[in-house]
S.K.: 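Take this structure, written in structure tokens, and hold onto it; I'll ask about it next.
Just so you know, these numbers use all the heavy atoms, side chains as well, and skip hydrogens, waters and symmetry mates. All residue numbers refer to positions in the sequence shown, counting from 1.
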Amino acid sequence: MDNSAFRSFLQVLPPVEFACVYGSSLHPSNHDKTTMTDYILGVSDPKQWHSENLKFNKHHYASWMVHLGGERLITGVADKIGVGVHFNPFVTWNGKLFKYGVVRMHDLLQDVQYWEKFYLCGRLQKPVHIVVDNLDVSSTNSVNLRAAVSAALLLLPSEFTEADLYAKVCSLSYTGDVRMLFAEDKNKVKKIVTGQFDLFHSMYKPFLEEYEAKELLRLSSTANDQIHVSQDCDLSVACSLVSALPPSIRSQMSMMQGEKTKLRETGRVIHDTKISAREEAANCLQRILRRRVMVSSARQAISGLLAVGGVNASRYLAKKVSKAWKSWA
């Protein structure tokens, strides 16, 4: 599908501030006509947007939500149970299947810049096709991408390939995801990177070159035209990588490390902001991200099952579990 095809579906929905397509429909080798095209839609006021959408596309929503509370219930479940995103899956239009998630623009930007819930920022760390961008989210997302590269480098060894880097970036938002326990393909990360390698390359090449210019890493070409990466693993480089992470992550890392340092006289805890060892910083980061992903994925899973209704929930879960079981077989 090209940009005009992606835009055409948006014509049946109320106007949005931001829209991007993500997932398997972007795989260059994916010619499966039954693949569901996935959208994230950013709007200024979700309650108002759903109110408008219900006038024209009531059939997109679970009937119980429409009848029991309409737009108020829809946004309430998304905000109070989920992570602020309401998904409508299995929407049929023009002979194709679509799924779209609606989120408040403020919440989208907060997650992209600060990793507050580590949900939508994870989606935007992987290849997406931006269809509408009235507020220049693509520029704001550069902060997210730089932070993702920094986190991945902190978690990787001194020598690795370009594919290893993208796999580590991709895995940031899946580590701790409750769906990976039973309802996701165990080879998902590898398939995403393999299927969208060129898209990852175009996304992250500027940041690799930036870090090479800062002498944080060295790039060389391999026989199969892939990039081999070498990085210094000393403490000063680790400090530089941590400095590119969102403030809330840095603060939590400082608290976790600082809890180990106490004044002998009073026993009070000192929150030391300095990194004492690269390995310790990497372990702290991994625990923080796992916790955020676990909480957000669990909340969104419950919210999503409520939002789609019994029939579609069973259909969606069966499809996911089937993929997972095939990957484990």
S.K.: Any side-chain donor paired with an acceptor under 3.5 Å for Y22 and D38?
M.R.: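 Looking only at side-chain atoms, D38 and Y22 do not form any donor-acceptor pair under 3.5 Å.
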S.K.: If you take the centroid of each ring, where Trp contributes its six-membered ring, are H201 and Y166 closer together than 6.0 Å?
M.R.: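 Between Y166 and H201, the centre distance exceeds or equals 6.0 Å.
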S.K.: Is it the case that the side chains of S276 and E280 hold a donor-acceptor pair, with the cut-off being a distance below 3.5 Å and no angle test?
M.R.: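 On atom types as modelled, these side chains qualify, holding a pair under 3.5 Å.
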S.K.: Could you walk me through whether S150 and Y211 pass the side chain to side chain donor-acceptor pair (under 3.5 Å) test, one step at a time?
M.R.: CA-CA 9 Å; S150 299; Y211 280 19; 2.5 Å; yes
S.K.: State whether the number of non-hydrogen atoms from other residues, nucleotides or ligands found under 6.0 Å of Y114 atom OH is greater than 12.
M.R.: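 No, the 6.0 Å shell around OH holds no more than 12 heavy atoms from other groups.
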S.K.: With clusters defined by side-chain heavy atoms of hydrophobic residues (ILVMFWY) lying less than 4.5 Å apart, directly or transitively, does V169 cluster with L241?
M.R.: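 Per the 4.5 Å side-chain linkage, L241 and V169 are co-clustered.
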S.K.: Measure the NZ-CG distance between K205 and L219 for me, rounded to the nearest 0.5 Å.
M.R.: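 K205 atom NZ to L219 atom CG measures 10.0 Å (nearest 0.5 Å).
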S.K.: Between V295 and V178, is there a shared hydrophobic cluster once you connect ILVMFWY residues whose side-chain heavy atoms come closer than 4.5 Å?
M.R.: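 In one cluster: no.
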S.K.: Should R104 and D79 count as an ion pair when the cut-off is N to O under 4.0 Å?
M.R.: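 Looking at R104 and D79, the cut-off is met.
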S.K.: In sequence, state the C-alpha distance, the side-chain angles, and the governing distance for N53 and Y61, and then conclude on side chain to side chain donor-acceptor pair (under 3.5 Å).
M.R.: CA-CA 10 Å; N53 198 35; Y61 297 83; 2.9 Å; yes
S.K.: Could you measure the distance from the CG atom of L154 to the SG atom of C284? Nearest 0.5 Å is fine.
M.R.: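 One finds 10.0 Å between CG of L154 and SG of C284.
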S.K.: D45: which residues meet the salt bridge (Lys or Arg N to Asp or Glu O under 4.0 Å) condition with it, sequence neighbours left out?
M.R.: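 Expected list: none.
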S.K.: With no hydrogens and no angle check, do the side chains of N141 and S138 hold a donor and an acceptor under 3.5 Å apart?
M.R.: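 Not at all, the side chains of N141 and S138 share no donor-acceptor pair under 3.5 Å.
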S.K.: So, the side chain of Q300 versus the backbone of V83: is there a donor-acceptor pair under 3.5 Å, distance only?
M.R.: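 Flag set: sc Q300 to bb V83 pair under 3.5 Å.
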S.K.: Check the pair F160 / I227 against side chain to side chain contact (heavy atoms under 4.5 Å, CB included), numbers first and verdict last.
M.R.: CA-CA 9 Å; F160 52 92; I227 295 175; over 6 Å; no
S.K.: On a heavy-atom basis, which atom in L124 and which in C20 lie closest, and how many Å separate them?
M.R.: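 Taking every non-hydrogen atom into account, CD2-SG, 4.1 Å.
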S.K.: Surrounding CZ of R218 (heavy atoms of other residues, nucleotides or ligands, distance under 6.0 Å), is the total greater than 12?
M.R.: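 Yes.
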S.K.: What are the two closest heavy atoms between M36 and K99, and how far apart are they?
M.R.: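 It is CG-N, 3.8 Å.
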S.K.: Atom CD1 in I288, atom CZ in R250: separation rounded to 0.5 Å?
M.R.: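 Spacing of CD1 (I288) from CZ (R250) equals 11.5 Å.
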S.K.: Would you kindly say whether Q113 and N144 are connected by a side-chain donor-acceptor distance under 3.5 Å?
M.R.: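 No, no side-chain donor-acceptor contact under 3.5 Å.
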S.K.: Rounded to the nearest 0.5 Å, what's the gap from CG on L155 to CG on L172? Could you check?
M.R.: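 Output value for this atom pair is 6.5 Å.
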S.K.: To the nearest 0.5 angstrom, please state how far the CZ atom of F18 sits from the CG atom of L41.
M.R.: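 If I round to the nearest 0.5 Å, the distance is 9.0 Å.
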S.K.: Would you say that more than 12 heavy atoms from the other residues, nucleotides or ligands in this model lie under 6.0 Å from the NE2 of H59, or not?
M.R.: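 Counting other residues, nucleotides and ligands, NE2 of H59 exceeds 12 neighbours.
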S.K.: Quick one: which of Y100, F87, W93 gives a ring pair (Phe, Tyr, Trp, His ring centres under 6.0 Å) with H60?
M.R.: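 For H60, the ring pair (Phe, Tyr, Trp, His ring centres under 6.0 Å) check succeeds only for Y100.
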S.K.: Would a hydrophobic clustering, with Ile, Leu, Val, Met, Phe, Trp and Tyr connected at side-chain separations under 4.5 Å, put M105 with V143?
M.R.: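 M105 and V143: separate clusters.
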S.K.: Do D234 and R278 sit within salt-bridge range, that is, some charged N less than 4.0 Å from a carboxylate O?
M.R.: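 Not counted as a salt bridge, because no side-chain N and carboxylate O are separated by less than 4.0 Å.
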S.K.: If you compare all heavy atoms of A147 against all heavy atoms of A244, which two are closest, and at what distance to 0.1 Å?
M.R.: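 Heavy-atom minimum between the residues: CB-O, 3.5 Å.
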S.K.: Indicate the ring-plane relationship of F9 and F98, choosing parallel, tilted or perpendicular according to the 30° and 60° boundaries.
M.R.: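 F9 vs F98 ring planes: parallel.
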S.K.: Kindly assign one of parallel, tilted or perpendicular to the pair F118 and W115, based on the angle between their ring planes and the thresholds 30° and 60°.
M.R.: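 F118 and W115: perpendicular rings.
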S.K.: Does either side chain, that of R292 or that of S248, offer a donor lying less than 3.5 Å from an acceptor on the other one?
M.R.: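 Result is yes, a qualifying pair exists.
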S.K.: Are the side chain of D111 and the backbone N or O of K117 linked by a donor-acceptor pair below 3.5 Å?
M.R.: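 Indeed, once roles are kept as given, a pair shorter than 3.5 Å links the two residues.
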S.K.: Checking side-chain polar atoms at under 3.5 Å, does K96 have a donor or acceptor matched by the opposite partner on T35?
M.R.: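 Short answer, no.
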S.K.: When you check the side-chain N and O atoms of E159 and S230, is any donor under 3.5 Å from an acceptor?
M.R.: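 Yes - a donor-acceptor pair under 3.5 Å links their side chains.
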S.K.: Looking only at heavy atoms, what is the nearest atom pair of A62 and A307, with distance?
M.R.: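 That would be CB-O, 3.1 Å.
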S.K.: Calculate, to the nearest 0.5 Å, the distance between atoms CD and CE belonging to E71 and M65 respectively.
M.R.: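 Going from CD on E71 over to CE on M65, the span is 11.5 Å.
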